Structures are given as C-alpha cells and as structure tokens.
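Heavy atoms only: backbone and side chains are in, while hydrogens, waters and symmetry mates are out. As the structure lists them, so they are numbered: ligands from 1, and atoms in each ligand from 1. From a predicted model like this one, the values you see are computed outputs, not experimental measurements.
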Amino acid sequence: MSIKGVIERYRGYLPVSEKTPVVTLCEGNTALIRAKVLEDKLKVDAEIFLKYEGQNPTGSFKDRGMTMAVSKAKEDGIEAVMCASTGNTSASASAYAVRAGMKSFVVIPEGNIALGKLAQALIHGACVIAIKGNFDKALSLVKEITDEYPVALVNSLNPFRIEGQKTGAFEICDDLGEAPGLHFIPVGNAGNITAYWKGYKEYKEAGKITNLPRMMGFQAAGAAPIVERRIIERPETIATAIRIGNPASWKKAEAARDESGGVIDKVTDEEIIEAYKILAGEVGVFVEPASAASVAGLIKLSKAGYFEEEGLKGKRKKIVCVLTGHGLKDPERAIKCVSSPEAVEAKKENILKLMGY
Ligand code: F0G
C-alpha cells in the first residue's frame with residue numbers, strides 16, 4: 001500500500017464522504033526540519049523548524065489543496081479545471097487533472113513564471129495560456145470564465161483548496177506535539193496563511209492542541225498590498241510566485257494576523273535572496289525564492305530585536321517557517337546567484353588546482 005495522501009490521513013477534518021473519489025498523488029507528510037544553524041546564527045533562544053513543502057509530489061504546498069479541489073470537482077461530475085497562476089498552482093492543477101482524467105486550463109503571466117513550473121504544466125498536458133498581463137488580471141479573467149462555463153476554478157478562492165491546505169498545520173502540530181508559538185509564512189494571494197490559521201484553530205477546537213501560534217506573514221516589498229493597504233497595480237519582485245498586487249484572500253489574511261496577534265510585513269528582494277542563499281548554503285535546503293520570504297521575515301524581525309522585545313517565553317519557543325516550494329522550480333535564479341564553473345582541460349593537475357590541493 002502506498003503512503004496515504006492528506007485526504008485519507010485527515011478525513012475526519014475534511015468535507016469528504018464515502019462518495020468522494022479521492023484523487024491523490026500521496027501529497028503531504030512533508031518533513032519538519034530542525035534548523036539549528038539558524039538558531040545559532042540569529043541567536044534566537046528558540047527551536048526553529050522548517051516545514052519543507054518542496055517535498056510534495058509537484059514540489060509545492062499547492063498539492064494539499066489540489067487533492068481536495070480536484071476530488072470535489074470529480075465528485076460533482078465536472079470534467080475540466082482552470083486556474084490563474086504564478087506557476088505552482090498550474091503545475092499542481094495539471095498533475096492532479098491528469099490523475100483524475102480531466103482537462104486543465106492554466107492562465108499565466110507571460111514571462112513571469114519560473115521555468116520548472118512552466119515545464120510541469122506543459123508536460124502534464126495542460127492547455128497553457130500566457131497573457132500579456134499579471135497574475136491579478138489572469139485571476140479576474142479566470143473567475144469570469146469559470147462562472148460561465150462548466151469548468152472548476154481551482155485557485156484558492158475555491159474553499160476546498162483551503163480545506164486541503166489546512167492539513168499543513170495539522171502535520172506541524174502532530175510532529176511537535178503542540179502548536180508552534182510563531183508561524184512564519186510567505187504571503188501572495190493569501191490563501192495559505194488563511195488555510196494554516198484555519199487548521200490551527202480547528203485542531204484547538206478538537207482538543208489536539210492548547211495554544212495557537214502568532215501568524216507572521218511576509219510579502220515581497222515590491223508586491224506588498226496588505227502591508228501598504230492598497231492595491232499594487234504593477235507588482236514587482238524576483239520572487240515571481242508571490243508577485244501579486246491584489247490578493248484574493250486579503251481580508252482573511254488580515255483576520256489571521258489580527259486574531260493571532262501576529263504581523264504581516266514585507267521583505268526586500270535582497271533580504272529574500274540572502275535567506276535563499278543561507279537556506280541552500282548553510283542549512284542544506286533548496287527552496288524557490290518566494291519560499292525564502294518566511295525565513296527572510298524571521299531574520300528581519302530578529303535583527304530588529306522583535307524577539308528580545310516580545311520575549312520568547314514558554315510555547316513561543318518553537319518557531320516554524322513554511323518553505324512553500326522546491327528550489328528546482330526556478331533553476332535560473334539559483335544559477336544567477338552564484339558563479340558558474342568554467343571548463344578546464346581534462347587534466348588531473350587542473351582539477352587538483354581547482355580543489356585547492
Ligand atoms: N510560495 C510559493 C512557492 C507560491 O507558489 C505561492 C503562491 C506562495 C508562496 C503564496 O501563497 O498565494 O497562498 O499566499 N503561488 C500561487 C500560484 C499564487 O499561482 O502558484 P498564497
């Protein structure tokens with residue numbers, strides 16, 4: 001028997017029944033990695049854990065939501081799914097559509113999705129439509145079309161996506177034996193912060209945990225509508241996954257922040273790249289730039305003295321940063337950040353010289 005996906009693992013917490021055909025690629029069950037290097041580096045008196053969502057079947061957290069959204073669409077007899085995407089949603093939707101025997105249509109902003117994600121959607125046979133416009137425009141068009149045609153919208157506006165994604169919070173609590181004190185997370189369209197907060201609250205209601213974390217969301221500085229309290233018409237960031245100027249779950253993200261006593265703040269591209277390099281080069285975990293926004297936020301707050309001011313007492317001594325997507329999604333960014341090797345004549349002495357011997 002293969003490993004269970006999130007629907008089987010958390011069936012009692014999800015809106016599924018015996019009649020729901022479970023469309024799964026055995027998503028979830030991702031590692032919670034202790035990052036002692038970060039604890040020492042930041043001199044934070046707490047345990048820091050990384051929830052490595054790049055381990056999901058298509059390489060991002062979207063799979064948790066997609067198993068639910070596609071299963072429910074299948075249950076309703078729908079034959080096609082559609083999304084707007086900065087890349088990961090399209091990769092996930094197209095893979096799960098294959099699994100379900102459905103068609104997939106994905107609308108992406110031309111020139112602004114990472115190569116790996118585009119490759120995924122294409123090889124899974126999605127109908128990929130690139131528009132001259134950004135994610136926000138793509139989403140508004142997709143909403144219109146899915147309202148009018150028998151095609152299921154599988155963006156996080158689809159409530160089943162949020163239901164599936166809340167299982168990330170369950171896994172963290174199951175692994176830690178409690179909820180963390182602080183939960184750091186990148187924010188783009190704001191579905192994931194909404195989902196995690198829902199998951200923590202439901203686990204508390206079910207008596208599985210006694211505390212709730214503060215939700216610490218981070219947007220990219222050039223695409224930070226929630227922080228700046230205005231729609232950003234032309235969002236810009238190297239973290240293309242979160243290059244979003246008008247998030248669909250804006251209000252829900254604010255509610256997660258306010259109910260939990262957390263923050264939604266922004267990090268610059270430089271801070272994102274710094275965290276990205278630390279994760280790969282010092283922790284050993286390769287993520288895509290957007291994913292590094294959670295750790296960039298942690299670094300920013302630690303430099304600003306947040307932890308000294310707030311005091312990390314009791315349950316606040318466990319910190320989780322969600323790493324939303326795999327580094328291989330965006331190989332071009334990695335290559336740009338480091339110097340590539342130049343070829344030498346194939347001689348032992350040349351190799352030894354480069355090895356420093
Ligand atoms: N990290 C990654 C790697 C993402 O792909 C996304 C969103 C986020 C963080 C932000 O999550 O939108 O729930 O706040 N990607 C979407 C997409 C927009 O189309 O793949 P969010």
Side-chain angles (χ1 to χ4, degrees), residues 30 51-56 58-66 69 82-95 104 106-109 112-114 116-118 120-121 126 128 134-139 142 153-158 161-162 164-166 168 184-199 215-220 223-226 235 237-250 252-254 256-257 264 267 272 275-276 279 286-297 321-330 333:
T30 56
K51 180 69 171 158
Y52 193 24
E53 289 290 278
Q55 289 180 341
N56 276 296
T58 76
S60 86
F61 70 97
K62 306 285 180 181
D63 297 342
R64 295 181 183 276
M66 210 53 76
M82 185 170 199
C83 64
S85 184
T86 56
N88 281 320
T89 301
S90 66
S92 186
S94 51
S104 59
V106 310
V107 183
I108 55 166
N112 273 298
I113 95 163
K117 303 174 189 181
L118 180 61
Q120 287 178 288
V128 177
N134 61 27
F135 170 85
D136 303 294
K137 181 70 191 165
L139 184 57
V142 166
L153 172 78
V154 293
N155 280 103
S156 57
L157 281 167
N158 178 328
R161 278 276 313 277
I162 303 294
Q165 282 171 216
K166 76 186 179 188
F184 285 79
I185 184 166
V187 175
N189 211 24
N192 213 24
I193 189 170
T194 303
Y196 268 96
W197 182 235
K198 188 168 197 287
M215 300 303 292
M216 317 292 282
F218 285 85
Q219 302 195 294
I226 301 177
T237 168
I238 52 112
T240 51
I242 52 172
R243 188 173 171 271
I244 294 173
N246 187 11
S249 300
W250 188 322
K252 288 178 183 159
E254 287 179 338
R257 174 194 65 195
I264 296 182
V267 280
I272 288 173
Y276 172 75
L279 282 165
F286 187 26
V287 301
E288 64 169 286
S291 306
S294 56
V295 172
C321 298
V322 181
L323 304 178
T324 45
H326 204 288
L328 289 171
K329 295 267 187 182
D330 194 353
R333 176 55 57 189

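Polar contact check, T324 against ligand 1: a nitrogen or oxygen pair lies under 3.5 Å apart. For the pair G191 and ligand 1, the shortest N or O to N or O distance falls below 3.5 Å. Not a single N or O atom of A290, backbone or side chain, sits closer than 3.5 Å to an N or O atom of ligand 1. Among the atoms of Q165, none of the N or O lies under 3.5 angstrom from an N or O of ligand 1. At under 3.5 Å, not a single nitrogen or oxygen of E288, backbone or side chain, sits near a nitrogen or oxygen of ligand 1.
Atoms of ligand 1 found under 4.0 Å from any heavy atom of N189 (numbered from 1 in listed order, with element): 12 (O), 14 (O), 21 (P). Listed by number with element, the atoms of ligand 1 under 4.0 angstrom from any heavy atom of T86 are 15 (N), 16 (C), 17 (C), 18 (C), 19 (O), 20 (O). Close contacts between ligand 1 and I242 involve ligand atoms 8 (C), 9 (C), 10 (C) [criterion: under 4.0 Å to a heavy atom]. In summary, the atoms of ligand 1 found under 4.0 Å from a heavy atom of F61, numbered by their order in the structure, are 1 (N), 2 (C), 4 (C), 6 (C), 8 (C), 9 (C), 11 (O). Listed by atom number, the atoms of ligand 1 under 4.0 Å from V187 heavy atoms are 14 (O). Every atom of ligand 1 is numbered from 1 in the order shown, and the set under 4.0 Å from a heavy atom of T89 is 16 (C), 17 (C), 19 (O), 20 (O).
Residue contacts with ligand 1 for A190 involve N, CA, C or O but no side-chain atom from C-beta outward (heavy atoms, distance under 4.0 Å). Only the side chain of I244 comes within 4.0 Å of ligand 1, counting heavy atoms alone; its backbone N, CA, C and O stay farther away. Contact annotation for T194 and ligand 1: no heavy atom of the residue comes within less than 4.0 Å of the ligand. Looking at K62 against ligand 1, only its side chain comes within 4.0 Å, counting heavy atoms.
Here the protein heavy atom with the shortest distance to atom 5 (O) of ligand 1 is N88 ND2, 2.8 Å. Among protein heavy atoms, atom 13 (O) of ligand 1 sits closest to N192 N, 2.8 Å.
Judged by distance alone, the side chain of N88 and the main-chain N or O of S60 form no donor-acceptor pair under 3.5 Å. With hydrogens and angles ignored, the 3.5 Å screen pairs a side-chain donor or acceptor of T194 with a backbone N or O of A190. When atom types are taken as modelled, the side chain of S90 and the backbone of G87 share a donor-acceptor pair closer than 3.5 angstrom.
T240 and N112 are not linked by any side-chain donor-acceptor pair at a separation below 3.5 angstrom, with hydrogens and angles left out of the test.
Looking at every heavy atom in both residues, I226 comes nearest to R257 through CG2-NH1, 4.4 Å. What you find for A91 and T58 is that their closest heavy atoms are O-CG2, 4.1 Å.
The salt bridge (Lys or Arg N to Asp or Glu O under 4.0 Å) search around R161 returns none, not counting sequence neighbours.
In this pair, F218 and F184 present their aromatic rings parallel. The plane angle is below 30°, not in the 30 to 60° band.
Taking a cutoff of 4.0 Å between a charged side-chain nitrogen and a carboxylate oxygen, K62 and E53 do not qualify as a salt bridge.
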Verify side-chain contact (heavy atoms from CB on, under 4.5 Å) between Q55 and D63, making sure each step is shown before the conclusion.
CA-CA 10 Å; Q55 289 180 341; D63 297 342; over 6 Å; no
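Residue contacts with ligand 1: V287 is excluded, as none of its non-hydrogen atoms falls under 4.0 Å.
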